[in-house]
Colleague: 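I am attaching a structure below and will ask some questions about it afterwards.
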There are 2 protein chains.
Amino acid sequence: MGRQLNGDGAAAPTRRATIKDVAVAAGVSRSTASRALTGRGYVAADARERILAAAEELRYVPDATARYLKQQVSLSIGVLVTDLRNSFYARLAAGIGQTARARGFSLVLAEDGGSAQTQVELAETFVASRVAGVIVTPASADITTYLCRHRVPVVEVDRQFAAGSCDAVVVADRAASQEVSAYLLGLGHRRVALLVDTSTLITGGERYAGYRAALAAAGVPFDPSIVVGADLEVGAARATAAALLSGPRRPTAVFAANNVLAEGVWRAAGDVGLSIPADLSVVSFDDAPWMSLVVPGLTAVDQDEEALGAAAVNRLLERIADPEAGPTTITMPTRLVHRASTRALP
Amino acid sequence: MGRQLNGDGAAAPTRRATIKDVAVAAGVSRSTASRALTGRGYVAADARERILAAAEELRYVPDATARYLKQQVSLSIGVLVTDLRNSFYARLAAGIGQTARARGFSLVLAEDGGSAQTQVELAETFVASRVAGVIVTPASADITTYLCRHRVPVVEVDRQFAAGSCDAVVVADRAASQEVSAYLLGLGHRRVALLVDTSTLITGGERYAGYRAALAAAGVPFDPSIVVGADLEVGAARATAAALLSGPRRPTAVFAANNVLAEGVWRAAGDVGLSIPADLSVVSFDDAPWMSLVVPGLTAVDQDEEALGAAAVNRLLERIADPEAGPTTITMPTRLVHRASTRALP
DNA sequence: CTGAAAGCGCTTACAG
DNA sequence: CTGAAAGCGCTTACAG
């Protein structure tokens, strides 16, 4: 039976058991063994018992790759996010993983560091490994185009580049941004800065639109000098924010369009000696763990990353089940959590 | 050629191109196409050109599962961590992913939530998908036992349950813990509490041993009432810490053995009205992002998670290359970063 | 109820 | 330099 002795004198299998091994051990054909093991098709009770016992005994674990090859349907999904060190993406990945597992799927996960180029390279490994579909926070339209061309179902999360031709799960960016901006304006602030991510133009765009709408509604003139773009990296955001905050006509409030930008603002305020909220009000899009640890607590727009992840896998599995259905965009709710980083102007 | 028209009138492939498709398109056999595509074996220059052109034209992406089946060697590794929402594991996963990708491997990633039971279930999906090896932060010895039994190379990270029979990459827990404890004792503290994770007994054990050693070296008597175990969840840690801090003979310093425990202590100090460092000194094992954001900054033992991850994949690939070599434990250095959460006692 | 046969998409000696 | 054939581990009509 293909065994050899190891150092301890115990029998150790030289190779993994295959269905053929359990078939001969149980005295049946591979067909019958397969039927018993998968539970599909007829097999006599006593044969089934012998087969199951043999599988157990031989520690048989079916080869999922061989099964895929035959059935042409895999049980893994590709997940591509920007950066796991950013709590937003980590929680998103956690949410995706949990519901995927509950639905019987495993995850092939990769990070792209925000590079559109890297995304399509990784997309190629996804199609090579024949994932059932992919969930991505896109960096450009290229990845979705690539994936669609290869007939792999994809859902965009957080950012949307292929609106109208691909499923997406996003958050009500514009509405939330407008709510925050209106809130700050309502507090009496007239110089409300907006710090957006330069690399995620789409999301930045929606958040920007909400900001503009609030300004318009409040009759406050738009000042382009206080909406600034920063790279998605704390050091860069900090420097950008410090410059913004040290000018002569500095803003009295800043709305940071995501958690790393908010961290940059937080640190920059310290750098230039501004105290929050006395000298500066700040609100963040994304509620990261540190925001409730810090004093004063940071007021933030909370997104339920796990719910986003769950919605994305559910949408993906529906898409796989019905490839012809029209594309759907799911918009998840958002919640403004008030803490202590803002104050009303006299 | 198996095509049909879609709504736009453009030709869209009904199914993915196989090597057979590119072979017929190039007018050669599958064998020759395979040789040209993999770059192994002879093929005439003009034939190679036609084959490559056909592959490009047909957007051929080789089926990695079929290739695996034939070659019996896969290019993916399984990664199993406790909880991606914990920045330690997220960074560890990021580090693993980066070096795996640089080495040509992709990641099958899963979370176990700290459950030993879940770990072995997930390990089974890893063996079913025939990963080349797995990297795990073990919750018990079971997963390593299971994996070894199935002949899949494994390296334990952060925690070590199979010392002596399995590769591992850990941090100098005991030495770092002793350093921190000695530091606190040197500041004049006599009642130094230790908060450890009940579920990770091994790591907790090493960190505990370092604590004991420092106590002994300083001639300070050990008081079991101030070493307490807490579940690895902020709420629970907070409650445990609050109880610890509200007793009559409360500690003047606490050493939290990981970042969630530290967060629990931080919040509990606020809950019971103790100010840091005036009333209480605190040091954390694990340097999470929030610790430098908060005031006062939290003194912490920094582990380089990305380096841990890189070391783990390198070790795993060496193990795969040489299955017979003896098990190796790699101990990574640690760095105490001083901030402002401790003070000397008069 | 069972088994022989075909086939999923690849790669790899081997004969020419 | 090339192609026919075998085979990786499975599943699935189909004939009995």
Colleague: Could you state the atom-to-atom distance from OH of A/Y42 to C1' of D/dC14 in whole Å?
Modeller: 15 Å
Colleague: Closest to the A/V28 side chain: D/dG3, C/dG3, C/dT11?
Modeller: C/dG3
Colleague: Expressed in angstrom and rounded to an integer, what is the separation of A/R130 atom CZ from D/dC10 atom P?
Modeller: 20 Å
Colleague: Select one nucleotide: of D/dC10, D/dT2, C/dC8, the one nearest the side-chain heavy atoms of A/T18.
Modeller: D/dC10
Colleague: Side chains of B/L122 and B/I143: closer than 4.5 Å at any heavy-atom pair?
Modeller: no
Colleague: Rounded to whole Å, how long is the line connecting atom CG of A/L37 with atom P of D/dC10?
Modeller: 9 Å
Colleague: Using whole Å, report how far CD1 of A/I51 lies from P of D/dC10.
Modeller: 14 Å
Colleague: If you pin B/R40 and A/G41 to their nearest nucleotides in DNA chain C, which one's is more 5'?
Modeller: A/G41
Colleague: Taking the side chain as every heavy atom from C-beta outward, state whether B/L316 and B/I320 have any pair of such atoms under 4.5 Å apart.
Modeller: yes
Colleague: Tell me which nucleotide, if any, is Watson-Crick or G-U wobble paired with D/dA13 when both distances must be under 3.5 Å.
Modeller: none
Colleague: Taking only side-chain N and O atoms of A/S34, does any of them lie within less than 4.0 angstrom of OP1 or OP2 on D/dT11?
Modeller: yes
Colleague: Provide, to the nearest angstrom, the distance between the CG atom belonging to A/D46 and the C1' atom belonging to C/dT2.
Modeller: 12 Å
Colleague: Could you tell me whether B/A64 contacts a base, only the sugar-phosphate backbone, or nothing, with contacts defined as non-hydrogen atoms closer than 4.0 Å?
Modeller: nothing
Colleague: Are there over 12 heavy-atom neighbours, none belonging to B/E49, within less than 6.0 Å of that residue's CD?
Modeller: no
Colleague: Any side-chain N or O of B/Y60 less than 4.0 Å from the OP1 or OP2 oxygen of C/dC10?
Modeller: yes
Colleague: Over how many whole Å does the gap from A/R30 atom CZ to D/dC14 atom P extend?
Modeller: 19 Å
Colleague: Rounded to the Å, how far apart are B/D63 CG and C/dC8 C1'?
Modeller: 9 Å
Colleague: Tell me the partner of D/dA4, counting only Watson-Crick (N1-N3 plus N6-O4 or O6-N4) or G-U wobble (N1-O2 and O6-N3) with both under 3.5 Å; none if nothing fits.
Modeller: none
Colleague: Can you tell me how far P of D/dC10 sits from CD of A/Q71, to the nearest Å?
Modeller: 12 Å
Colleague: Both A/T32 and B/S29 contact DNA chain D. Taking the nearest nucleotide for each, which residue is further toward the 5' end?
Modeller: B/S29
Colleague: Using a strict threshold of under 4.0 Å (side-chain N to carboxylate O), is an ion pair present between A/E306 and B/R85?
Modeller: yes
Colleague: Kindly determine whether A/T82 and A/R159 satisfy side-chain contact (heavy atoms from CB on, under 4.5 Å), including the steps that lead there.
Modeller: CA-CA 11 Å; A/T82 305; A/R159 304 188 283 266; 3.0 Å; yes
Colleague: Here's a test of your reading of the structure: between A/T38 and B/R35, which maps to the more 5' nucleotide of DNA chain D?
Modeller: B/R35
Colleague: Specify the residue among B/S31 and A/G27 whose closest nucleotide of DNA chain C lies further upstream toward the 5′ end.
Modeller: A/G27
